[in-house]
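One structure is given here, and the rest of the page talks about it.
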Amino acid sequence: MSGPWYLAWRYVRYHRMKSLILIVCMTVTIVLPLSNHLLIRSYDREFRARAATTPLVVGARGKRFDLVLKALYFTPASVDPVHMGEVDRLHDGPWGMPIPLELSYTVERGRYPIVGTTLDYFEFRGLRVAQGSLPLRLGQAVLGANVARELGLCPGDHLFSDQKSLYDITQTYPLKMHIAGTLAPMGTPDDRAVFVDIKTAWIIAGISHGHQDVARTDVDPALVLERTDQEVVTNPGIVEYNEVTPENIGSFHTHAPPEELPLSAIIVVPNSDKGATILKAEYQEPQRAEQILDPTKVVDELMGRVFEVQRLFDAIFALVGVATVLFLVLVVLLSNQLRQREMETMSRIGCSRWTAVSLHGAELAIILAISVLLSGVLAVVVVMLAPGLAEML
């Protein structure tokens with residue numbers, strides 16, 4: 001480093017406060033639009049990759065975005081239920097394999113979603129067991145890799161579901177779920193989910209439950225309101241089991257027709273392109289209460305709206321950039337006034353006017369280079385920390 005560059009570097013180091021203020025202003029101006037673009041591009045790739053691996057989603061009509069995001073990312077958005085009868089109808093048809101999803105419940109005060117599904121889901125997503133086994137009976141759960149790591153749980157431990165409403169005493173108690181296994185990390189939303197059998201999800205919902213056998217004659221008479229040869233009517237005070245064990249598993253039953261059991265969504269894997277086309281045509285009938293969606297198209301539409309908002313932010317960032325440039329011009333002009341004697345001294349020792357201009361240019365170039373470097377590092381850090389920060393918020 002020699003000539004104007006050496007003098008410029010010494011000047012920047014000597015006037016630390018002035019240089020720091022300029023670096024901060026330029027770094028903020030650069031890092032905001034840069035991190036914004038990197039974040040949106042990152043989420044765009046992630047959304048499209050997840051959508052591309054999910055052929056079709058069936059759910060109740062309305063809330064297209066909420067339905068697809070819930071089925072793909074297990075978001076807490078509220079969607080109207082679709083019923084198990086729709087799964088049976090799709091099973092009976094020749095066009096595709098349905099995978100039911102019940103996504104209404106969570107653990108750890110909403111940190112992790114509970115995914116009620118069938119074993120077909122694990123095969124469909126390519127999920128592999130790292131320890132233990134998949135949930136093979138009622139009350140068992142398998143943890144995504146991140147859940148197991150963050151909670152420090154392993155097969156043999158247990159985990160309670162969240163109570164739906166803390167102040168509603170009519171709600172069922174949290175279910176104590178036995179951890180059957182943990183999954184290998186996949187780098188997908190499945191890493192942050194707790195998987196249970198679909199019937200276990202209905203126990204959490206209170207649709208299915210287990211309690212002592214009230215048909216026995218030695219049961220407490222205070223629990224029985226009416227007894228006939230066909231049925232036994234019990235007192236609401238009867239205690240339901242909040243844990244499924246080998247001793248009480250036979251007492252669990254469902255008080256609803258199987259075809260009316262609720263689901264959040266259904267993933268449909270068509271057998272062929274022809275099957276997908278026929279399924280889409282079937283759900284176009286106006287009298288149907290369900291809709292079928294292509295996640296790729298829905299995500300394309302969603303990201304299209306995001307990019308429209310991004311263009312608005314780009315315009316705002318451009319105005320901020322113009323303001324920063326004007327601020328730099330003002331600083332340079334004021335600095336020239338304060339450095340007039342310095343410039344005169346340089347002229348007297350034989351430096352040309354071009355040397356003075358080069359000195360100012362080198363100072364700004366050094367500050368700009370430092371700002372760009374810091375902006376790049378900060379933007380990468382923001383992109384890496386964004387998922388964790390979003391979860392905390």
Side-chain angles (χ1 to χ4, degrees), residues 1-48 302-393:
M1 183 183 295
S2 60
W5 289 99
Y6 176 77
L7 294 176
W9 172 245
R10 298 293 296 181
Y11 181 86
V12 169
R13 288 188 58 187
Y14 183 78
H15 296 278
R16 291 184 178 86
M17 186 57 64
K18 171 190 170 183
S19 300
L20 180 62
I21 292 173
L22 291 176
I23 289 172
V24 169
C25 290
M26 295 183 68
T27 299
V28 171
T29 303
I30 297 171
V31 77
L32 287 177
L34 181 60
S35 58
N36 178 57
H37 276 266
L38 290 177
L39 274 175
I40 291 179
R41 298 298 174 184
S42 174
Y43 283 121
D44 182 48
R45 288 192 300 270
E46 182 181 339
F47 282 0
R48 293 182 192 277
L302 176 62
M303 294 309 300
R305 298 187 181 185
V306 171
F307 286 128
E308 289 178 3
V309 176
Q310 183 189 23
R311 285 192 286 272
L312 173 62
F313 279 103
D314 287 342
I316 296 174
F317 292 143
L319 293 177
V320 173
V322 170
T324 303
V325 170
L326 294 177
F327 171 74
L328 290 176
V329 171
L330 177 62
V331 170
V332 170
L333 293 176
L334 293 176
S335 178
N336 285 338
Q337 295 296 323
L338 295 175
R339 299 172 66 182
Q340 190 65 37
R341 292 181 61 186
E342 177 186 346
M343 295 298 107
E344 291 177 357
T345 301
M346 292 179 63
S347 177
R348 289 174 180 174
I349 63 177
C351 294
S352 65
R353 182 178 296 273
W354 171 248
T355 302
V357 173
S358 299
L359 180 61
H360 287 303
E363 293 169 3
L364 291 176
I366 291 172
I367 291 174
L368 179 61
I370 296 174
S371 301
V372 170
L373 180 61
L374 286 176
S375 299
V377 173
L378 289 175
V380 172
V381 171
V382 168
V383 172
M384 293 175 61
L385 298 181
L389 293 174
E391 184 182 335
M392 292 174 57
L393 295 176

Salt bridge (charged side-chain N to carboxylate O under 4.0 Å, His left out): which pairs involve residues 323-335, sequence neighbours left out? none
What residues, two or more places apart in sequence or in another chain, satisfy side-chain contact (heavy atoms from CB on, under 4.5 Å) together with [X]?
| X | answer |
| --- | --- |
| L34 | L38, A379 |
| L20 | V24 |
| R16 | none |
| V372 | I30, L368 |

Go through it in stages, so that I can follow the logic: the residues are I23 and L374, the test is side chain to side chain contact (heavy atoms under 4.5 Å, CB included), and I'd like the CA-CA distance, side-chain angles, deciding distance and then a yes or no. CA-CA 9 Å; I23 289 172; L374 286 176; 3.8 Å; yes
Can you tell me how far apart SG (C25) and CG (L328) are? Round to the nearest 0.5 Å. 7.5 Å
Using the side-chain contact (heavy atoms from CB on, under 4.5 Å) definition, which of the options L22, I21, T27 pairs with I367? L22
Of all pairs that satisfy side-chain hydrogen bond (donor to acceptor under 3.5 Å, both in side chains), the ones with a partner from residues 370-385, not counting sequence neighbours: none
Determine the minimum heavy-atom distance between I370 and W9, stating which atoms define it. CD1-CZ3, 4.4 Å
List for me each residue that meets side-chain hydrogen bond (donor to acceptor under 3.5 Å, both in side chains) alongside N36, sequence neighbours excluded, and say none if there are none. none
Would you please name every residue forming a side-chain hydrogen bond (donor to acceptor under 3.5 Å, both in side chains) with T324, sequence neighbours left out? T29
What pairs with D314 under salt bridge (charged side-chain N to carboxylate O under 4.0 Å, His left out), at least two apart in sequence or on another chain? none
With a 3.5 Å cut-off and sequence neighbours excluded, list the donor-acceptor pairs that the side chains of residues 303-312 form with protein atoms.
{"from": "R305", "atom 1": "NH2", "to": "E301", "atom 2": "OE2", "distance (Å)": "3.2"}
{"from": "Q310", "atom 1": "NE2", "to": "H37", "atom 2": "ND1", "distance (Å)": "2.9"}

Taking only residues two or more places apart in sequence or in another chain, which ones pass ring pair (Phe, Tyr, Trp, His ring centres under 6.0 Å) with F317? none
